[in-house]
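Protein chains get the first letters and strands the later ones, always in sequence-line order, with residue 1 at the start of each. Since we're looking at a predicted model, the values are computed, not measured.
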There are 2 protein chains.
Amino acid sequence: MEKIKRSAYQHAYETIRDKILNGNLTGGEKIVEDRLATELRMSRTPVREAIRKLEEEGLIKSKKVINPTSEELRQTFEVRVLLECHAVRCAALYMDENRKKQLYECVVTASTGSRDEVMAANERFHTLIVHASSNPVLVSMIERMSSVIYLFRREVVYYNRPNLIDEHRMIYKAINEGDADLAEKLMKNHLEADLAFSLHSPGFTKE
Amino acid sequence: MEKIKRSAYQHAYETIRDKILNGNLTGGEKIVEDRLATELRMSRTPVREAIRKLEEEGLIKSKKVINPTSEELRQTFEVRVLLECHAVRCAALYMDENRKKQLYECVVTASTGSRDEVMAANERFHTLIVHASSNPVLVSMIERMSSVIYLFRREVVYYNRPNLIDEHRMIYKAINEGDADLAEKLMKNHLEADLAFSLHSPGFTKE
DNA sequence: ATAATCTGAATTGTATACAAAAGATAAAAG
DNA sequence: CTTTTATCTTTTGTATACAATTCAGATTAT
């Protein structure tokens, strides 16, 4: 059991981010540098830098954990649709056989694996497609959005959404057959269904 | 002549960013916290934070000013096309008369104004369209890319590109007539022409 | 001459200290 | 009773100090 030594800054960043994503720091809550610094047993300096980074990512705004509204979720998904639909077109046109095989394995795992395996496989499915764009700018933008998306649907038991696996399977098929138009259309529907499901999940009954 | 007092951090951020965009700090150059701090007559702390922000924006990578390649410029434009084409569709479908009028004024100014007015009008033309998306997430992503785009074409005498103003005029017309498909197509061509021009400009003859 | 290792200088990362600003509480005025 | 403002407290912004790391050049071994 070797101990990898991360920098204090990185440690702070990851810990605080996870606290937010897990709901240990909840929406609207005030972020106090000093409190976190003593809690993490380090000085305020690296904590400060971590907070700034989280502000960039949109998880924190003016020293408070963001309180996501359904409107923001829609806006984020609107951009996500644009980017991922482009990526899936690239996948249909250019993805090599090896990657296609990996994609297929994600679909299989998602219908047979354990709870955690299913989660991981579904996430990997999207990641593979996004990377098929071969465009680091696009990839980094999707990654930037992922925390916020995750936060929004924290309480959604995601892998239980009906049809999700079937939709993935159909997208895979379109990619495999090189049908870019179909793949794009399916991806759009898929993401919109996802959004609708998130909006109607328990976490959002308030709105 | 009133003196607005910005925070040291903000001052540092703006100064360093401008130095990079103007070419005072040139590609590949090492960024040294201490040097900048003494130069700006402040401590390293705010300088550090400014540098981190510039790293987020992609102007600095591992303490060096980035050295843009034509490949990166293409990748950035690929994303820009996706986002702005969506925005221009929204503009065609939903932009109100007042905004359309402002858009038209940009076209007029661009063909009659002074050097600086032309620059400003052309930039505002795009900004107006991007904001027509009514999507802050999309807007912020475009903004994030803008520094890098500007850096890439630092040496391009942008407003001298042939046809640019005509292209803007045609896009305006499509928006004004509510023809989303046409507007989108024109915008795509416009941005691609822009990219091609940037790639063939003096600054890139090396590649 | 080349590669390996050592040494010292430059630079970054983290901690602490203090000053400025923002916020909360309580007393005074309307 | 509400609003104001005065005072105290908390929190943030910036400066300074020190430790850890990285990097360049010199020195030695092969």
S.K.: In whole angstroms, how far is the P atom of D/dG13 from the OH atom of B/Tyr9?
M.R.: 10 Å
S.K.: Nearest-Å distance, CD (B/Glu49) to C1' (D/dT12)?
M.R.: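 My rounded result for the distance is 11 Å.
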S.K.: Which atom pair, heavy atoms only, marks the closest approach of B/Ile129 to B/Ala91?
M.R.: CG2-CB, 4.5 Å
S.K.: Send over the distance from B/Lys63 NZ to D/dT22 C1', rounded to a whole Å.
M.R.: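 Roughly 12 Å, once rounded to whole Å.
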S.K.: Check B/Glu14 with B/Arg17, please: is the shortest side-chain N to carboxylate O separation under 4.0 Å?
M.R.: no
S.K.: Which part of the nucleic acid does A/Ile31 contact within heavy-atom distance under 4.0 Å: base, sugar-phosphate only, or nothing?
M.R.: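 A/Ile31: backbone/sugar contact only, no base atoms under 4.0 Å.
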S.K.: Reading DNA chain C from 5' to 3', where do the contacts with chain A start and stop? Cut-off is 4.0 Å to heavy atoms.
M.R.: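 On DNA chain C, the outermost contacted nucleotides are C/dT14 to C/dA17.
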S.K.: Figure out the CE/P separation between A/Met42 and D/dA20, and round it to whole Å.
M.R.: 16 Å
S.K.: Just by distance, do the side chain of B/Asp96 and the backbone of B/Asn98 share a donor-acceptor pair under 3.5 Å?
M.R.: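 Yes.
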S.K.: In terms of the angle between their ring planes, are A/His126 and A/His190 parallel, tilted or perpendicular, with boundaries placed at 30° and 60°?
M.R.: parallel
S.K.: Taking only side-chain N and O atoms of A/Arg48, does any of them lie within less than 4.0 angstrom of OP1 or OP2 on D/dG13?
M.R.: yes
S.K.: Could you state the CZ-P distance from A/Arg35 to D/dT12, rounded to the nearest angstrom?
M.R.: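 The distance from CZ of A/Arg35 to P of D/dT12 comes to 11 Å, rounded to the nearest Å.
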S.K.: Say whether, by atom type as modelled, one donor and one acceptor occur between the side chain of A/Ser133 and the main chain of A/Val130 under 3.5 angstrom.
M.R.: yes
S.K.: Salt bridge or not for A/Arg144 and B/Glu56, using N-O below 4.0 Å?
M.R.: yes
S.K.: Measure NZ/A/Lys30 against P/D/dT10 and give the value in whole Å, please.
M.R.: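 Atom NZ in A/Lys30 sits about 13 Å away from atom P in D/dT10.
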S.K.: Pick the nucleotide of DNA chain C nearest each of B/Asp34 and B/Thr45; which residue has the one closer to the 5' end?
M.R.: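 In this pair, the answer is B/Asp34.
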